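To start, the structure under review is shown below, and the notes come after it.
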2 protein chains.
Amino acid sequence: MSEPTGLRARKKERTRDAIADAAVSLFLEHGFDRVSVNEIAAAAEISKPTLFRYFPTKEDLVLHRFADHQGEAARVVRGRESGIEPVTALRRHFRAALDRYDPVTGLNDHPQVVAFHRLVFSTPSLAGRLTRYQLEDEEALADALGEGIQAHVQAAQVLAIQRVLARANWQKIADGRSAGDVHPEAVADADEAFNQLQ
Amino acid sequence: MSEPTGLRARKKERTRDAIADAAVSLFLEHGFDRVSVNEIAAAAEISKPTLFRYFPTKEDLVLHRFADHQGEAARVVRGRESGIEPVTALRRHFRAALDRYDPVTGLNDHPQVVAFHRLVFSTPSLAGRLTRYQLEDEEALADALGEGIQAHVQAAQVLAIQRVLARANWQKIADGRSAGDVHPEAVADADEAFNQLQ
DNA sequence: GTTACTCGGTTAAAAAAGCAACCTGGTAAT
DNA sequence: ATTACCAGGTTGCTTTTTTAACCGAGTAAC
């Protein structure tokens with residue numbers, strides 16, 4: 001009734017974490033473009049083909065945390081309780097993420113998270129690939145919302161809101177404010193944005 | 001001009017060490033017969049067949065440190081400088097081991113080493129297999145010494161001396177004395193024994 | 001304008017590890 | 001006496017990892 005945590009699966013997960021950790025820490029130290037995949041493989045004590053078996057591209061070494069959330073919006077809509085509107089479900093989900101200071105909301109002031117976000121946003125190839133992930137997310141959400149152009153529009157609007165909100169939060173954090181301090185504004189912004197949509 | 005330490009070799013060595021360490025520490029804690037190979041494999045986070053690929057028997061999990069010294073006496077004889085008698089070479093080799101407090105001489109008071117020796121000597125199957133190792137060692141030494149019965153006799157006598165000396169040293173350590181304190185006696189005993197032989 | 005790097009990424013073959021199922025021998029309940 | 005279990009080891013078979021070699025694009029040297 002759960003994950004059949006065999007020896008194999010456990011070691012795989014650990015290897016994956018080791019690779020991603022080694023990569024991110026090297027990237028944060030020297031910059032994304034200044035670190036080669038060979039160096040990452042060496043630091044993680046694995047071979048280059050193994051690295052690419054775990055992560056399809058160099059960018060995914062950084063973005064896998066977002067990739068792991070892929071399709072989350074669609075899942076939220078499909079899994080909502082009966083009688084609840086899709087946008088309402090998404091709104092509550094975002095609000096919950098805000099309350100637990102989930103990094104995806106931009107409302108998190110842990111130094112590692114901040115540095116990680118700066119790395120992503122200041123590296124063109126990373127930001128580029130990240131938007132590609134968001135596009136796929138949008139497709140999935142549109143599918144979950146129904147058919148026709150209006151489903152696509154709605155999906156795009158909701159995700160655009162989340163992007164804008166996250167970006168605004170991140171900006172305030174980047175300006176030196178604490179997450180707890182920003183939280184009320186973040187909630188107010190979210191309410192306003194979702195109200196406008198609904 | 002050195003070990004071509006590939007990724008593969010490095011990981012194998014680490015796995016081997018991890019297995020042996022897990023095994024010995026479990027044995028020291030609960031006793032050799034009270035720990036199953038399944039528990040060892042679980043503690044080392046490997047599967048049972050993998051364990052037996054690294055160590056042929058359960059006993060070897062403990063005795064591999066001795067096994068690694070296999071044939072050492074024979075090598076000392078074959079590698080001696082010209083003009084040096086075999087027994088002299090072995091005598092000097094043992095004296096050098098004594099001076100560096102090599103565990104094989106029994107003259108070592110590190111708690112881990114003491115506990116390890118007690119484990120070996122107080123577990124029949126271990127002591128039994130250890131003597132089997134020594135017999136093989138004896139064969140190899142006899143081969144290195146030449147042919148005929150006298151070579152075998154000489155080999156047996158030298159190794160018997162080393163066994164007795166090591167046992168005597170270990171006994172004094174087990175009685176609570178320090179290695180440094182025992183060292184002079186150990187040297188004197190060795191001299192006397194080897195003098196008697198020569 | 002070659003030559004020769006380096007980089008991200010791939011391929012094929014061989015080694016190593018995992019897993020489940022089995023064998024043999026002992027020992028404890030029934 | 002049978003059953004059943006647990007011990008140390010083994011046997012195939014599959015999955016994972018290493019290795020070395022390669023590809024195609026960019027770029028610096030000469």
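Only a predicted model underlies this, so the values are computations on that prediction, with no experimental measurement involved. Quick note on labels: first sequence line is chain A, next is B, and so on, each numbered from 1.
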What residue among B/Val120, B/Leu126, B/Val62 forms side chain to side chain contact (heavy atoms under 4.5 Å, CB included) with B/Phe27?
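Answer to the side chain to side chain contact (heavy atoms under 4.5 Å, CB included) test with B/Phe27 among B/Val120, B/Leu126, B/Val62: B/Val62.
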Considering only NZ, NE, NH1 and NH2 on the basic side and carboxylate oxygens on the acidic side, decide whether B/Asp191 and B/Arg91 come within less than 4.0 Å.
yes
Distance in angstrom units between [X] [atom1] and [N] [atom2], rounded:
X	N	atom1	atom2	answer
B/Lys11	D/dT17	NZ	C1'	7 Å
B/Arg16	C/dA17	CZ	P	12 Å
A/Glu13	D/dT17	CD	P	13 Å
A/Leu51	C/dC7	CG	P	14 Å
A/Leu61	C/dG8	CG	P	10 Å
A/Ile19	D/dT17	CD1	P	8 Å

Residues at least two apart in sequence or cross-chain that pass ring pair (Phe, Tyr, Trp, His ring centres under 6.0 Å) with B/Phe94, listed by chain then number, are none
When you look at CD of A/Glu147, are more than 12 heavy atoms from neighbouring residues, nucleotides or ligands closer to it than 6.0 Å?
no
What is the minimum heavy-atom distance between B/Asn169 and B/Thr105, and which atoms define it?
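Distance-wise, the nearest heavy atoms are ND2-O, 3.0 Å.
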Could you encode protein contacts along nucleotides 6-16 of chain D as a string, one character per nucleotide from 5' to 3', using B for base contact, S for sugar-phosphate-only contact and - for no contact, with a heavy-atom cut-off of under 4.0 Å?
-SSBBB--BBS
Pair up each side-chain donor or acceptor in residues 150-161 of chain B with any protein partner under 3.5 Å, not counting sequence neighbours, and list the distances.
from: B/His152; atom 1: ND1; to: B/Gly148; atom 2: O; distance (Å): 3.4

Is any side-chain nitrogen or oxygen of A/Ser47 closer than 4.0 Å to OP1 or OP2 of D/dT19?
no
